[in-house]
Participant: 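Sharing a structure, written as structure tokens. Questions coming.
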Amino acid sequence: MIISEIGATVCGLLQGTLVLFNKRSNWIFYIAQIIFLLMFSLTNKLYGDVLGNSIYLILGITGWIFWKDENKSRIGICSPKERLVYISVIVAGSVILFLLLNRTQDPLPFIDSVTTASSFVATYYMVKKKLDTWIIWFVNDICYIAQYSLLEHQAYYLISLNFIWTFMAIASFFNWLKIMKGYTK
């Protein structure tokens with residue numbers, strides 16, 4: 001279990017640094033991190049995360065492909081309508097996942113459902129290079145810190161990673177904003 005946690009942490013730090021600077025290669029470390037997180041989540045019976053990580057593999061490959069074409073992958077911002085939709089998706093997804101996870105051995109079905117639903121949305125908007133992704137990731141990282149802290153065997157490396165990611169989400173927001181403003185000059 002510790003190997004999957006350390007592997008996810010190392011790959012996550014590399015991925016987070018690369019995405020901060022808008023580098024396509026972040027997706028390589030993203031995919032590797034997801035594989036480690038799948039192993040960790042299975043071991044800890046975090047079934048929402050297992051489901052999420054399985055889908056993230058597909059999103060990681062999609063991100064790698066989508067970010068190849070610079071013209072299609074310029075940083076943008078969500079419209080108010082898109083924001084309403086993604087907030088609704090996070091809330092509805094969290095409720096549905098909670099109802100499902102509450103019937104499993106998941107030790108934290110509520111927070112697992114929230115982190116899973118919001119991670120889907122944040123990853124989708126990261127693939128689409130929408131600035132809003134960093135607001136969602138910021139909140140999500142705080143929730144993950146709580147989730148990993150509440151586990152019977154606390155995941156100290158993943159707690160630390162999400163703590164760092166909380167600050168990286170802020171830095172990524174401002175760096176992507178700067179890059180986005182550079183497009184309009």
Side-chain angles (χ1 to χ4, degrees), residues 1-44 46 48-70 72-76 111-112 115-149 151 153-180 182:
M1 176 163 57
I2 193 77
I3 298 212
S4 60
E5 186 181 347
I6 292 171
T9 302
V10 169
C11 290
L13 286 171
L14 291 168
Q15 185 272 335
T17 302
L18 291 167
V19 76
L20 166 71
F21 294 107
N22 197 30
K23 300 293 182 190
R24 180 177 180 235
S25 56
N26 89 83
W27 293 106
I28 295 168
F29 293 99
Y30 178 90
I31 292 167
Q33 177 198 17
I34 295 305
I35 292 168
F36 284 118
L37 285 173
L38 264 168
M39 293 186 301
F40 178 85
S41 298
L42 278 168
T43 303
N44 284 285
L46 295 169
D49 282 351
V50 171
L51 170 66
N53 289 324
S54 299
I55 294 169
Y56 300 141
L57 280 176
I58 296 165
L59 288 172
I61 294 165
T62 303
W64 173 256
I65 293 166
F66 186 79
W67 282 36
K68 183 177 181 180
D69 185 351
E70 183 62 35
K72 285 184 4 186
S73 65
R74 295 184 116 186
I75 297 169
I111 197 162
D112 194 9
T115 56
T116 300
S118 60
S119 291
F120 282 140
V121 173
T123 302
Y124 173 78
Y125 283 112
M126 192 168 75
V127 168
K128 301 289 282 177
K129 282 195 172 181
K130 296 289 187 171
L131 190 61
D132 298 63
T133 191
W134 299 116
I135 297 165
I136 302 166
W137 278 127
F138 175 80
V139 173
N140 195 44
D141 292 334
I142 291 168
C143 291
Y144 266 119
I145 291 168
Q147 176 176 302
Y148 293 138
S149 297
L151 287 174
H153 302 288
Q154 293 179 340
Y156 295 110
Y157 291 104
L158 292 176
I159 292 167
S160 300
L161 175 62
N162 281 276
F163 184 77
I164 292 167
W165 273 351
T166 302
F167 292 100
M168 289 180 86
I170 296 166
S172 295
F173 177 88
F174 287 110
N175 194 50
W176 277 32
L177 182 63
K178 178 181 163 187
I179 292 167
M180 187 179 75

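Numbers here are sequence positions counted from 1.
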Participant: Would you indicate whether the side-chain heavy atoms of Lys23 and Thr17 approach each other to under 4.5 Å?
Facilitator: no
Participant: Within this structure, what is the CD1-CD1 distance for the pair Ile179 and Ile75, rounded to the nearest 0.5 Å?
Facilitator: 4.5 Å
Participant: At what distance, to the nearest 0.5 angstrom, does NZ of Lys130 lie from OH of Tyr124?
Facilitator: 8.5 Å
Participant: First locate atom OG1 of Thr115, then atom CG of Asn162, and finally report the distance between them rounded to the nearest 0.5 Å.
Facilitator: 9.5 Å
Participant: Quick one: which of Leu13, Val19, Leu18 gives a side chain to side chain contact (heavy atoms under 4.5 Å, CB included) with Phe29?
Facilitator: Leu18
Participant: Taking only residues two or more places apart in sequence or in another chain, which ones pass side chain to side chain contact (heavy atoms under 4.5 Å, CB included) with Ser119?
Facilitator: Tyr56, Trp137, Asn140, Tyr144
Participant: Tell me the closest heavy-atom pair linking Phe66 and Lys128, and the distance in Å.
Facilitator: CE2-CA, 4.0 Å
Participant: Say you draw a straight line from OG of Ser172 to CD1 of Ile135; how long is it, rounded to the nearest 0.5 Å?
Facilitator: 12.5 Å
Participant: For the atom pair CD1 (Ile170) and CG (Asp141), what is the distance rounded to the nearest 0.5 Å?
Facilitator: 9.5 Å
Participant: Closest approach of Ile145 and Ile159, non-hydrogen atoms and distance?
Facilitator: CG1-O, 4.0 Å
Participant: Might you point out which heavy atoms bring Leu131 and Met180 nearest each other, and give the distance in Å?
Facilitator: CD2-CE, 4.3 Å
Participant: Determine whether Gln33 and Phe36 satisfy the following criterion, side chain to side chain contact (heavy atoms under 4.5 Å, CB included), listing intermediate values before the conclusion.
Facilitator: CA-CA 5 Å; Gln33 177 198 17; Phe36 284 118; 5.7 Å; no
Participant: Can you sort out the partners of Gln15 under side-chain hydrogen bond (donor to acceptor under 3.5 Å, both in side chains), two or more places apart, ordered by chain and number?
Facilitator: Asn26
Participant: Is the shortest heavy-atom distance from the side chain of Asn175 to the side chain of Asn22 under 4.5 Å?
Facilitator: no
Participant: Between Leu57 and Leu38, is a side chain to side chain contact (heavy atoms under 4.5 Å, CB included) present by the stated rule, with each step listed?
Facilitator: CA-CA 10 Å; Leu57 280 176; Leu38 264 168; 3.9 Å; yes
Participant: Is there a side-chain contact between Ile55 and Leu51 (heavy atoms, below 4.5 Å)?
Facilitator: yes
Participant: Can you check whether Trp134 reaches Met126 side chain to side chain, under 4.5 Å on heavy atoms?
Facilitator: yes
Participant: Does OH belonging to Tyr157 count more than 12 external heavy atoms closer than 6.0 Å?
Facilitator: no
Participant: Against Asn53, only a single residue in Leu37, Thr116, Leu42 fulfils side chain to side chain contact (heavy atoms under 4.5 Å, CB included); can you say which?
Facilitator: Leu37
Participant: What heavy-atom pair brings Ile111 and Cys143 nearest, and what distance separates the two atoms?
Facilitator: CD1-O, 3.2 Å
Participant: Over 60° means perpendicular and under 30° means parallel, so tell me whether Phe40 and Tyr148 are parallel, tilted or perpendicular.
Facilitator: perpendicular
Participant: About how many Å separate CZ of Phe163 and CD1 of Ile142, when rounded to the nearest 0.5 Å?
Facilitator: 10.0 Å
Participant: Go through Ile6 and Val10 one step at a time and tell me if the side chain to side chain contact (heavy atoms under 4.5 Å, CB included) criterion holds.
Facilitator: CA-CA 6 Å; Ile6 292 171; Val10 169; 4.3 Å; yes
Participant: How far apart are the C-alpha atoms of Trp176 and Thr133, what are their side-chain angles, what is the distance that settles it, and do they pass the side chain to side chain contact (heavy atoms under 4.5 Å, CB included) test?
Facilitator: CA-CA 10 Å; Trp176 277 32; Thr133 191; 4.2 Å; yes
Participant: Got a donor-acceptor contact below 3.5 angstrom from the Trp67 side chain to the Val127 backbone?
Facilitator: yes
Participant: Do you know which two heavy atoms are closest between Leu161 and Gly12, and how far apart they sit?
Facilitator: CD1-C, 3.9 Å
Participant: Over all heavy atoms of both residues, which pair between Gly60 and Ile31 is shortest? Give the atoms and the distance, please.
Facilitator: C-CD1, 3.9 Å
Participant: With the side chain counted from C-beta on, respond yes when Ile28 and Leu14 share a heavy-atom pair under 4.5 Å apart, and no when they do not.
Facilitator: no
